[in-house]
Visitor: 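Please read through the structure below; I'll follow up with questions.
If you're wondering where the values come from, they're calculated on a predicted model, not measured in any experiment. First the proteins, then the strands, lettered A, B, ... as listed; each starts at 1.
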Number of protein chains: 2
Amino acid sequence: MSPAEHPDHDRPVTDAAAVGPATGDGPEPPLPDADAAIVAGGAPPSARVPLDRDRIVSEALVFLEEVGPGGLSMRRLGKRLGVEAMSLYRYVPGKEDLLDAVVESLISGMYADPEVLSTPDNGWQDFLQRMAHGVRRVALAHIQAFPLVASRPPEAPWLRPPLRSLDWVESFLAGLTSEGFSDAAAVAAYRSFTSFLLGNLLLEVASHGADIGPLDVVDDGEEDNEALRQHPTVARLRADLAQDHSATEFEEALEQLLERIAATKVELADG
Amino acid sequence: MSPAEHPDHDRPVTDAAAVGPATGDGPEPPLPDADAAIVAGGAPPSARVPLDRDRIVSEALVFLEEVGPGGLSMRRLGKRLGVEAMSLYRYVPGKEDLLDAVVESLISGMYADPEVLSTPDNGWQDFLQRMAHGVRRVALAHIQAFPLVASRPPEAPWLRPPLRSLDWVESFLAGLTSEGFSDAAAVAAYRSFTSFLLGNLLLEVASHGADIGPLDVVDDGEEDNEALRQHPTVARLRADLAQDHSATEFEEALEQLLERIAATKVELADG
DNA sequence: ACCTGAACACCGTTCAAGT
DNA sequence: ACCTGAACACCGTTCAAGT
């Protein structure tokens, strides 16, 4: 498996990398002097949009999805925005803060999803179900970026991944209390809901990450065969284990979670 | 909160960093010329242990815990081992592989834990309980390193984080089938067990990561107050949310999981 | 007001050379 | 056999300078 590996720093990211906004990558005419700063994009070259924080953050998000974490550098991101890396520091204090902003924009982006309600209108179960599915859609749409949601240190104990947005935490807690949850029950539900989402979605996203060869990957060399010979049960259940049940797994686990929350709601009801 | 921040690249990691193996860090005598390559450690300086893969991996693990990911570089790790960075490449193909090795050694280290059995001797519930607690101990003992277990792409679909070790997956599956689980039931249990562990432990580890100020952190500036004013439910439940219930949360969730697995065992029983 | 050049202190990795 | 020096192609970030 490792012979085909090339660490990403000597793969120079196409080099003729995109400058200017997405042009629908058609067949590109050979450029006479390729290093020129401005390539005919669609907007006239003189109309230099002056760059702003939101544009940086959202470009970082799509770039991240293309090249993965570690493919994202301030210098490369600058290039994509038609600017030197140093310009980014006018709008963002540093790379760490950029990544935090990306993570927050990920979850905040859920506001645009009409399937997700910020307030219950058909019972709390429906409310939580929509929210869970909303986060799942976000995760699956951002395979590369989503793990950041878990790996970056949270800035407050009440922002549990993956719900790293004050707005959504507020929605969650206010929504449940408006549906008759006691404070204690709402907080307990928040805890179990977040750890349910984190575990399931991280695992699902990770499995999409490196799922290249499910079974007969040309020939894995002797190594893998030897490893499997020493782990007979894994070998026997290999096909089962490789199967992707993530969708139904998610639905079932969510169902169980809601039942459990319903029970806690009753237990922790206040007079 | 951000004024006190200094990106770790200009904090030069104590500089007089440890050279040579752990000497029990007693009071160190002032060295005349500190930059000399060999410091009296305990073993005679001439007895240069020739370095090997295991020593590198385990030193990386402890170093990681001290400086966090991003504080670990090949060059700094080399320095700690009394060697130039380039020497490491004799034993390890590259940094990525080193990190994978660290992750595997983390989980494999559970073999040393007498509380964890590699084979059930008192029913499968006891078996899984010991295993869950074993992984939890590993996670809590390696706050910095544990998240790597989730963020690194898995090399096979049958190695679901955090059980990223063929040996333990084999133990898990063989253990359950030996206790009367059908193949399908064992695989289902494996799936729910791993996502339970990942969600709970990642969250617990993350909360230990940046839990500096639970409530009145001197004064958070107007920003935080303003943010909380716009999120009244979060503000009201702040104290509740900040409380650490991880231990009992874990136990309760584990209990629920075992019940659910017991139900699946019956459902998926084969004739 | 907004961006850049040049510089600094780092990275991971290769390879010919040292002992 | 094992380690090192020097080099290469990158990093993040600062700051004085350009337009």
Visitor: Among side-chain atoms of Asp244(A) and Ser246(A), is any donor-acceptor pair under 3.5 angstrom?
Guide: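 Judged by distance alone, the side chains do pair up.
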Visitor: Checking Arg137(A) now: which residues fulfil side-chain hydrogen bond (donor to acceptor under 3.5 Å, both in side chains) with it, not counting sequence neighbours?
Guide: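 Listed in chain order: Asp113(A).
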Visitor: Round to the nearest Å and state the distance from Asp97(B) atom CG to dG12(C) atom P.
Guide: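 Checked: the CG to P distance equals 13 Å.
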Visitor: Partners of Leu99(A) by side-chain contact (heavy atoms from CB on, under 4.5 Å), sequence neighbours excluded?
Guide: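 Result, side-chain contact (heavy atoms from CB on, under 4.5 Å) vs Leu99(A): Leu72(A), Leu148(A), Arg152(A).
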Visitor: Kindly express the pairing pattern of DNA chain D in dot-bracket notation, using | wherever a base pairs with another strand and counting only Watson-Crick or G-U pairs under 3.5 Å.
Guide: ||.|||||...|||||.||
Visitor: Send over the distance from Leu99(A) CG to dG12(D) C1', rounded to a whole Å.
Guide: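 Result: 12 Å.
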Visitor: Apply salt bridge (charged side-chain N to carboxylate O under 4.0 Å, His left out) to Glu204(B) and list each qualifying residue two or more places apart in sequence or on a separate chain.
Guide: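 Testing Glu204(B) for salt bridge (charged side-chain N to carboxylate O under 4.0 Å, His left out), a comparison that skips the adjacent residues, returns Arg136(B).
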Visitor: Can you list everything that forms a side-chain hydrogen bond (donor to acceptor under 3.5 Å, both in side chains) with Glu66(B)? Sequence neighbours excluded, please.
Guide: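 With neighbours one apart ignored, the set is Arg80(B).
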Visitor: Tell me: NZ of Lys79(B) to P of dC3(D), nearest whole Å?
Guide: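 In whole Å, dC3(D) P lies 17 Å from Lys79(B) NZ.
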Visitor: Compare all side-chain heavy atoms of Trp168(A) with those of Met131(A) and state whether any distance is below 4.5 angstrom.
Guide: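 Side chain of Trp168(A) against side chain of Met131(A), heavy atoms only: contact under 4.5 Å found.
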Visitor: Report yes if at least one side-chain N or O of Arg76(A) is closer than 4.0 Å to OP1 or OP2 of dC10(D); otherwise report no.
Guide: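 Answer is no, no contact under 4.0 Å.
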Visitor: With sequence neighbours left out, what residues match Glu84(B) under side-chain contact (heavy atoms from CB on, under 4.5 Å)?
Guide: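 Per chain and number, Glu84(B) pairs via side-chain contact (heavy atoms from CB on, under 4.5 Å) with Met86(B), Ser87(B).
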Visitor: Within this structure, what is the CE-to-C1' distance between Met74(B) and dC11(C), rounded to whole angstrom?
Guide: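 One finds 11 Å between C1' of dC11(C) and CE of Met74(B), rounded.
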Visitor: Counting side-chain heavy atoms from C-beta on, which of dA7(D), dC3(C), dT13(D) comes nearest to Leu51(A)?
Guide: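 The answer is dC3(C), which lies nearest to the side chain.
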Visitor: Tell me every residue that passes side-chain hydrogen bond (donor to acceptor under 3.5 Å, both in side chains) with Ser108(B), counting only those two or more places apart in sequence or in another chain.
Guide: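 side-chain hydrogen bond (donor to acceptor under 3.5 Å, both in side chains) check on Ser108(B) returns Glu104(B).
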Visitor: Name all residues meeting the side-chain hydrogen bond (donor to acceptor under 3.5 Å, both in side chains) criterion together with Ser105(B); count only those two or more places apart in sequence or in a different chain, and write none if there are none.
Guide: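 For Ser105(B), no residue satisfies side-chain hydrogen bond (donor to acceptor under 3.5 Å, both in side chains) once neighbours in sequence are set aside.
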Visitor: Let's see if you get this right: which residues in residues 84-91 of chain B place a heavy atom under 4.0 Å from DNA chain D?
Guide: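 When residues 84-91 of chain B is checked for heavy atoms under 4.0 Å from DNA chain D, the hits, listed by number, are Glu84(B), Met86(B), Ser87(B), Arg90(B), Tyr91(B).
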Visitor: Round to the nearest Å and state the distance from Leu72(B) atom CG to dG12(C) atom C1'.
Guide: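 It is 12 Å, rounded to the nearest whole Å.
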Visitor: Would you mind reading off the distance between Lys95(A) atom NZ and dC10(C) atom C1', rounded to a whole angstrom?
Guide: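 Rounded to the whole Å, the gap is 14 Å.
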Visitor: To the nearest Å, give me how far apart CZ (Arg75(B)) and P (dC11(D)) are.
Guide: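 Atom-to-atom, Arg75(B) to dC11(D), this comes out as 15 Å.
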